[in-house]
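We name chains A, B, ... by the order of the sequence lines, and we start the count at 1 in each one.
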Amino acid sequence: IEMIQNGKSRELGPMVAYLAEKESEIDLNLGPNEYLKVFEYAARNQTWRATEKFQKLRNSGMSNEKAWNQASVELTRASRLHTRLYIMSTFINHVGSIVDQKVKGVLIDLLNVHVTYEVMDIGIYVQGLLSSNQMDLIRNQLYVSLETIRPNAVSLVDSFQISDMQLRSVLGRRDGNVYENLFKWAKSSPLNKTDVLPSVTQYLKPMMDK
Amino acid sequence: NPDLTNERASGTFDTNAMAAVIYGSEKFAQRRREITEAISKIPEFQDSHPLVFMSREEKISEACRKLAVLSNYWNSLIDTSDEEEALHLYREVLGLEGHPLALHETMFIPSLIAQASDEQQEKWLGRAQRREIIGCYAQTEMGHGTNLRALETTATFDISTREFILNSPTITSLKWWPGALGKSANWSIVIANLIIKEHNYGPHPFMVQLRDEKSHEPLPGITVGDIGPKMAFNGADNGFLGFKNYRIPRENMLMRHSKVTSDGSYIKPPHAKIGYSSMVKVRSRMAMDQGLFLASALVIAVRYSAVRRQGYLEDKSREVKVLDYQTQQHRLFPSIARAYAFIFCGFETIRLYDQLLIDVQNGNTSGMADLHALTSGLKSVVTYQTGEGIEQARMACGGHGYSMASYISEYYGVAIAGCTYEGENMVMLLQLARYLVKS
């Protein structure tokens with residue numbers, strides 16, 4: 001922000017260049033890149049807000065360290081939004097580069113879940129940019145995306161190809177035979193080596209016999 | 001289970017093709033499957049008993065047993081020069097609760113690659129890669145965590161003997177937390193303040209032998225041990241380490257970037273943050289690893305949600321799969337999306353890191369600030385959201401999610417450790433904020 005304020009926007013690193021950009025119209029019907037613009041708006045506004053708070057405190061005579069501490073919650077919010085913007089941006093770019101059309105199709109569905117959920121999640125930061133109608137549209141789009149993903153849910157997690165050996169989970173077994181194995185697992189508990197624990201004989205039994 | 005079979009039949013894509021996207025190439029996805037298949041045929045690699053029923057000592061012993069077996073098969077199972085194949089092998093055989101070589105592979109060797117000079121790599125890297133020595137990376141101190149500027153451990157250069165003298169002047173200066181430091185490692189990269197002629201040049205990395213290579217006994221001047229049980233990762237012997245006038249040769253300071261000559265002259269690195277490159281590397285990897293922790297919890301929760309039936313929707317003849325409830329989908333699907341996003345983002349960030357290494361070697365450090373700042377934020381956001389996602393996965397499994405049979409709590413414990421290691425999240429966010437403000 002300080003570079004922008006000093007007229008050095010052209011020297012910004014590529015990951016922070018959006019901080020100097022102007023707001024543009026959002027048309028959510030145009031796809032994930034429009035959601036990215038919403039995130040850019042949120043990250044940019046929050047970064048400016050946090051910086052201005054810090055600068056105002058400093059200009060009021062507060063020390064640099066104290067002003068930084070007083071603005072730190074706002075500053076960490078800016079950092080989170082900047083990072084989430086990067087994650088969303090790489091997700092969109094990666095999906096765009098996939099060749100296999102069936103895989104790409106389901107990842108676009110998943111991307112739609114992501115962008116709608118993420119924008120809903122930062123609703124407070126986009127007040128002023130999006131109308132309540134647009135927020136409703138996003139909310140409804142999220143529910144539609146959940147339904148679209150549903151038939152592929154198991155295949156999407158199977159695709160991680162994490163073996164049963166690695167997963168070490170009775171509940172997550174690939175064959176789905178959960179209940180019989182849950183019982184088998186419980187029986188292998190060291191507590192089940194004997195029917196009567198020494199602690200019962202040593203402490204509980206004498207207590208009960210009193 | 002017929003429910004899971006039906007779910008698989010309803011999928012619209014080939015999971016092998018998707019695995020190729022997730023793991024970056026068809027070749028590596030295929031190699032993963034081959035390695036998994038080969039491992040499944042070696043009975044000694046199976047857990048001798050479910051890990052969750054074992055004590056810490058039993059877990060460490062079990063990991064050592066498997067590492068010994070692994071050394072017999074290492075060359076036949078994987079391409080040993082391929083880091084990803086090695087990590088997959090470790091994950092399969094040793095799991096995620098930690099083991100004596102955990103930091104050796106993820107911190108020690110990468111740091112030697114990034115920070116040791118060519119001569120130093122000649123001396124130590126091959127030995128490390130052949131596992132003739134076990135190393136770790138000791139930076140964090142008991143009273144200072146990851147606050148590099150507050151580290152107290154000193155490495156004072158003695159011009160007369162051309163040695164560094166290592167000291168831990170206080171209890172708070174004890175190295176504290178590094179995995180495998182307590183009982184397993186016999187060498188470590190140690191971060192200490194470099195002092196020459198009473199001038200403090202700040203933290204620098206040193207290659208330090210901790211234990212005798214034959215007896216494994218700690219060397220004189222070294223205090224080392226295990227820090228005790230943790231929320232998870234209890235198969236690892238996280239350790240403490242202190243020094244009392246412990247001398248190492250001048251050549252044991254890692255000198256790819258900064259240097260100390262035999263007459264005690266200090267040569268600065270080309271970029272102030274060059275020493276952070278191993279941190280950038282680890283944090284880049286973290287996004288992908290955390291994505292896989294989240295993915296693992298989701299594999300459990302989604303499969304179980306397709307098996308578990310409870311309550312009725314329209315059809316009253318049979319209970320409904322809990323995965324058909326919108327609330328369950330809302331709980332799990334955005335996290336699936338995040339797991340994919342984290343993995344893709346991890347790939348991109350590792351690519352940027354690899355590019356950065358090439359640039360730095362050519363004297364161009366311009367990308368360092370952008371990436372260093374970003375990876376600070378990335379590890380914070382990803383570890384936090386992974387923790388959130390795993391907790392949702394646990395609750396999506398109802399009461400059984402709370403049982404160690406689900407193993408979700410182990411994934412949770414291991415994943416959220418990332419909120420504090422490699423930089424506590426709030427500190428990392430403020431580090432990124434400083435960069436944003438300056439921009």
Side-chain angles (χ1 to χ4, degrees), chain A residues 1-3 12-16 19 47 50-51 54 72 75-76 78-80 82-84 86-87 90-91 94 98 100 102-103 106 110 113-114 117 143 146 149-163 165-172 175-178 182 185 188-190, chain B residues 1 3-4 7-8 10-15 17-19 21-22 32-33 36 40 50-51 53 91-92 95 295-296 298-300 302-304 306-307 323 326 329-330 333-334 336-338 340-341 344-345 348 369-370 374 377-378 381 397 400 405-407 426 429-430 432-433 436-439:
Chain A
I1 299 297
E2 287 172 353
M3 284 173 73
L12 289 171
M15 287 174 184
V16 286
L19 291 174
T47 307
T51 306
F54 164 61
S72 59
L75 287 161
T76 56
S79 295
R80 283 193 199 94
H82 173 76
T83 309
R84 290 171 73 174
Y86 171 75
I87 293 169
T90 55
F91 195 177
H94 201 88
I98 289 163
D100 185 313
K102 282 188 176 171
V103 166
V106 74
L110 201 58
V113 171
H114 187 69
Y117 184 83
Y143 299 137
L146 293 178
I149 282 294
R150 170 65 187 88
N152 278 316
V154 169
S155 295
L156 275 166
V157 295
D158 277 351
S159 298
F160 292 116
Q161 300 192 332
I162 298 166
S163 69
M165 182 178 176
Q166 188 179 152
L167 203 59
R168 290 183 166 82
S169 171
V170 179
L171 258 58
D175 66 12
N177 295 328
V178 172
L182 199 53
W185 180 86
S188 72
S189 166
Chain B
N1 180 290
D3 282 335
L4 266 183
E7 291 288 340
R8 287 175 177 132
S10 76
T12 59
F13 64 96
D14 174 6
T15 53
M18 184 65 88
V21 172
I22 291 170
R32 283 182 87 259
R33 290 191 289 274
T36 299
S40 71
L51 291 181
F53 294 136
R91 283 193 191 110
E92 285 283 333
S296 301
L298 290 163
V299 171
I300 297 165
V302 171
R303 282 182 185 162
Y304 179 63
V307 169
L323 195 56
Q326 190 187 55
Q329 294 167 10
H330 190 253
F333 296 175
I336 299 178
R338 279 182 174 170
Y340 274 82
F344 295 158
C345 180
E348 170 63 9
D370 238 14
L374 176 80
L378 194 60
V381 169
C397 294
H400 294 323
S406 78
Y407 210 52
M426 287 300 161
L429 289 170
L430 288 169
L432 169 57
L436 293 175
V437 168
K438 279 184 187 170
S439 299

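Of the atoms belonging to A/Ile98, it is side-chain heavy atoms, and not backbone ones, that fall under 4.5 Å from chain B. A/Leu156 touches chain B through backbone and side chain together, each having a heavy atom under 4.5 Å away. For A/Phe160, the parts lying near chain B are the backbone and the side chain together; criterion is any non-hydrogen pair under 4.5 Å. For B/Val299, the parts sitting under 4.5 Å from any heavy atom of chain A are the backbone and the side chain alike. Heavy-atom distances place both the backbone and the side chain of A/Leu146 under 4.5 Å from chain B. Interface remark: A/Ser72 contributes backbone and side-chain atoms alike to the contact with chain B (heavy atom separation under 4.5 Å). When heavy atoms are compared at a cutoff of 4.5 Å, A/Leu167 approaches chain B by way of both its backbone and its side chain. At a 4.5 Å heavy-atom cutoff, the contact between B/Ala295 and chain A is made by backbone and side-chain atoms alike.
Between A/Tyr143 and B/His330, the angle of the ring planes lies from 30° to 60°, which puts this pair in the tilted group.
No side-chain N or O of B/Arg32 forms a donor-acceptor pair with one of A/Gln161 less than 3.5 Å apart. Between B/Glu92 and A/Ser163, the side chains place a donor N or O and an acceptor N or O closer than 3.5 Å (distance only, hydrogens not considered).
Closest approach of A/Val103 and B/Ala17 over heavy atoms only: CG2-CB, 3.7 Å.
By number of non-hydrogen pairs under 4.5 angstrom with chain B, the leading residue of A/Ala50, A/Ala78, A/Pro151 is A/Pro151. Taking A/Thr76, A/Leu182, A/Asp175 one by one and counting their heavy-atom pairs under 4.5 Å with chain B, the maximum is reached by A/Thr76. If you tally non-hydrogen atom pairs under 4.5 Å between each of B/Leu4, B/Val307, B/Leu374 and chain A, the highest count goes to B/Leu374. Chosen from B/Arg33, B/Arg8, B/Glu7, B/His400, the residue pairing most often with chain A at heavy-atom distances under 4.5 Å is B/Arg8. Taking chain B as the reference chain and counting heavy-atom pairs below 4.5 Å, the highest number among A/Val178, A/Asn177, A/Ile87, A/Thr47 is found for A/Ile87. When B/Thr36, B/Leu323, B/Ile336 are compared by the number of non-hydrogen pairs under 4.5 Å with chain A, B/Leu323 comes out ahead. For the set A/Ser188, A/Ala153, A/Pro14, the entry with the most heavy-atom pairs within less than 4.5 Å of chain B is A/Ser188. Each of A/Leu110, A/Thr51, A/Val170 has some count of heavy-atom pairs under 4.5 Å with chain B, and the biggest count is that of A/Leu110. Annotation: maximal heavy-atom pairing with chain A below 4.5 Å, among B/Ser10, B/Pro334, B/Gly377, occurs at B/Pro334. Interface summary for chain A: among B/Ala337, B/Ser439, B/Cys345, B/Ala433, the most heavy-atom pairs under 4.5 angstrom belong to B/Ser439. Of the residues considered (B/Cys397, B/Pro50, B/Ala341), B/Ala341 shows the highest number of contacts with chain A, using heavy-atom pairs under 4.5 Å.
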Would you sort out whether B/Met18 and A/Asp158 count as a side-chain contact (heavy atoms from CB on, under 4.5 Å), showing the intermediate values?
CA-CA 9 Å; B/Met18 184 65 88; A/Asp158 277 351; over 6 Å; no
Run the side-chain contact (heavy atoms from CB on, under 4.5 Å) test on A/Asp100 and B/Val21 for me, step by step, so that the C-alpha distance in whole Å, both residues' side-chain angles and the decisive distance to 0.1 Å come before the verdict.
CA-CA 9 Å; A/Asp100 185 313; B/Val21 172; 5.9 Å; no
Pair B/Arg91-A/Met165, side-chain contact (heavy atoms from CB on, under 4.5 Å): steps then yes or no:
CA-CA 9 Å; B/Arg91 283 193 191 110; A/Met165 182 178 176; over 6 Å; no
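For the pair B/Leu436/A/Leu19, a side-chain contact is recorded, criterion being any heavy-atom separation below 4.5 Å from C-beta on.
Expressed to the nearest 0.5 Å, how far CG of B/Leu432 lies from OG of A/Ser79 amounts to 3.5 Å. Taking CZ of B/Phe344 as the reference point, atom NE2 of A/His94 lies at 4.5 Å (rounded to 0.5 Å).
Checked against the 6.0 Å centroid threshold, A/Trp185 and B/Tyr407 do not count as a close aromatic pair.
With hydrogens and angles ignored, the 3.5 Å screen pairs a side-chain donor or acceptor of A/Asn152 with a backbone N or O of B/Thr12.
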